[in-house]
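Letters A, B, ... mirror the listed sequences (proteins, then strands); counts begin at 1. Given the structure is predicted, the values throughout are model-derived calculations rather than measurements.
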2 protein chains.
Amino acid sequence: MNSLNISFPLERNDVVSLLQHFNISPTRQRIEIAEFLFQRPQHLSAEKILDGVTEAGNRVSRATVYNTMGLFTNKGVVREVLIDRERVFYDSNTDAHQHLYNVDTGELTDIYDTEVDKIVIPNLPEGLKVVDTDVVFKVASE
Amino acid sequence: MNSLNISFPLERNDVVSLLQHFNISPTRQRIEIAEFLFQRPQHLSAEKILDGVTEAGNRVSRATVYNTMGLFTNKGVVREVLIDRERVFYDSNTDAHQHLYNVDTGELTDIYDTEVDKIVIPNLPEGLKVVDTDVVFKVASE
DNA sequence: CTGCTTGCAAAGGCTTTGCAGAACA
DNA sequence: TGTTCTGCAAAGCCTTTGCAAGCAG
């Protein structure tokens with residue numbers, strides 16, 4: 001999925017390149033948000049992103065966080081993960097991978113299972129192509 | 001996932017049995033909601049469920065629809081599908097199956113792919129078990 | 001009776017929007 | 001100087017909650 005091979009954490013220069021690669025003009029706010037996102041592979045809500053950017057000493061409005069994350073998602077910079085109905089999570093890891101969601105703790109972790117790539121959809125109608133595959137394994141304590 | 005082998009549409013008597021099977025006392029409202037859900041395999045939002053039940057000539061409040069769908073989900077009568085960030089969908093088909101989501105049209109369809117059942121999670125921590133597997137293929141026009 | 005259910009209205013909480021000012025090319 | 005972007009505040013919208021009345025066992 002991700003042909004960019006991001007090596008976390010991303011330096012500021014790399015962040016700017018990344019944004020430009022996706023045809024996003026690198027404004028101060030977008031750079032600061034992206035820098036925070038790509039410190040490491042992580043799953044973050046809009047609120048957490050706002051908090052994180054703010055704690056890093058930068059000032060970005062809530063509306064801009066929402067606008068920016070919508071933009072990043074559309075452009076493919078990050079991936080939306082819908083698991084918790086309470087809020088959307090943004091995944092800074094866009095490599096092909098799946099998720100393990102612990103229903104007891106709410107913890108969301110990445111897993112890599114090459115078998116998933118081999119899945120072929122039976123009877124995929126003509127003229128359609130798969131643009132993304134979301135796989136979430138919900139796990140609980142035994 | 002579903003060992004009940006529901007044959008759509010479900011008759012009123014079967015609906016009552018179904019609810020009892022899940023230890024849900026069959027109140028008028030719950031029966032009417034379940035009857036609407038199990039007319040056919042479908043993916044419905046709370047609003048659509050309220051509309052449908054109302055149009056069928058029954059009277060149920062919005063709050064009861066939400067309460068009931070929460071109950072049905074917890075008991076395993078239906079499955080929540082989180083795809084659209086706008087709202088939650090409830091799936092009246094609880095057989096093991098996957099979803100095809102057309103990002104252009106918003107259409108959500110069921111697919112059956114036995115290969116998915118074979119997926120084994122690498123490094124699943126001890127003491128955890130998989131309780132559910134959500135697979136969504138996002139497709140678009142070529 | 002006693003506890004479970006329902007329904008209304010209000011509150012809650014995440015997200016979007018309108019619009020004026022700022023930044024940018 | 002025209003376009004894009006930001007930020008504030010308000011609005012929007014889905015969902016939950018408090019609470020009184022109704023219903024079931």
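Rounded to an integer number of Å, the gap from B:K75 NZ to C:dT5 P is 9 Å. We find that CG of A:L19 is positioned 16 Å from C1' of C:dC24, with the value rounded to whole Å. Taking atom CE of B:M69 as the reference point, atom P of C:dG7 lies 15 Å away to the nearest angstrom. Between B:I31 atom CD1 and D:dC23 atom C1' the separation is 13 Å, expressed in whole Å. At whole-Å resolution of the value, CZ in A:R28 and C1' in C:dA22 are 11 Å apart. To the nearest angstrom, P of C:dC14 lies 14 Å from CD1 of A:I49. Separating the CG atom of A:L71 from the C1' atom of D:dC5 is a distance of 11 Å, rounded to the nearest angstrom. The distance between atom CD of B:E47 and atom C1' of D:dC13, rounded to the nearest whole Å, is 10 Å.
Residues A:Y90 and A:T73 have side chains in contact (heavy-atom distance under 4.5 Å, counting atoms from C-beta outward).
Considering only side-chain atoms of B:T68, the nucleotide from D:dT15, C:dT15, C:dT6 that sits closest is C:dT6. Side chain of B:T64, nearest nucleotide from D:dT6, C:dT6, D:dT17: C:dT6. Here the side chain of A:R62 is nearest to one of C:dT15, D:dG7, D:dT15, namely C:dT15. Minimum atom distance to the side chain of A:A63 is reached by D:dG7, of the listed D:dT17, D:dG7, C:dT15.
In terms of phosphate contacts, B:Y66 brings a side-chain nitrogen or oxygen within less than 4.0 Å of OP1 or OP2 of D:dT15. Side-chain N/O atoms of B:Q29 include one lying less than 4.0 angstrom from OP1 or OP2 on C:dG7. Contact annotation: A:T27 side-chain N/O to D:dT6 OP1/OP2 distance is under 4.0 Å. One finds a side-chain N or O of A:R30 lying less than 4.0 angstrom from the OP1 or OP2 phosphate oxygen of D:dC5. When the side-chain nitrogen and oxygen atoms of A:R59 are compared with OP1 and OP2 of D:dC8, one or more of them lie within a distance under 4.0 Å.
Within the 4.0 angstrom heavy-atom criterion, only backbone atoms of the sugar-phosphate kind lie near A:S25; the bases stay farther away.
Classification of the B:H97-B:Y112 ring pair by plane angle, with boundaries at 30° and 60°, yields tilted.
Judged purely by atom type and a 3.5 angstrom limit, B:N74 uses its side chain to pair as donor or acceptor with the backbone of B:G70.
Partner A:I33 forms a side chain to side chain contact (heavy atoms under 4.5 Å, CB included) with one of A:V78, A:I49, A:L19 and no other, that one being A:I49.
Salt-bridge formation is detected for the pair A:R62/A:E47: a Lys NZ or Arg NE/NH1/NH2 atom is positioned less than 4.0 Å from an Asp or Glu carboxylate oxygen.
Between B:P26 and B:N67, the residue anchored closer to the 5' end of DNA chain D is B:N67, taking for each the nucleotide with the nearest heavy atom. Mapping B:V60 and A:V88 onto DNA chain C by nearest heavy atom places B:V60 at the nucleotide closer to the 5' end.
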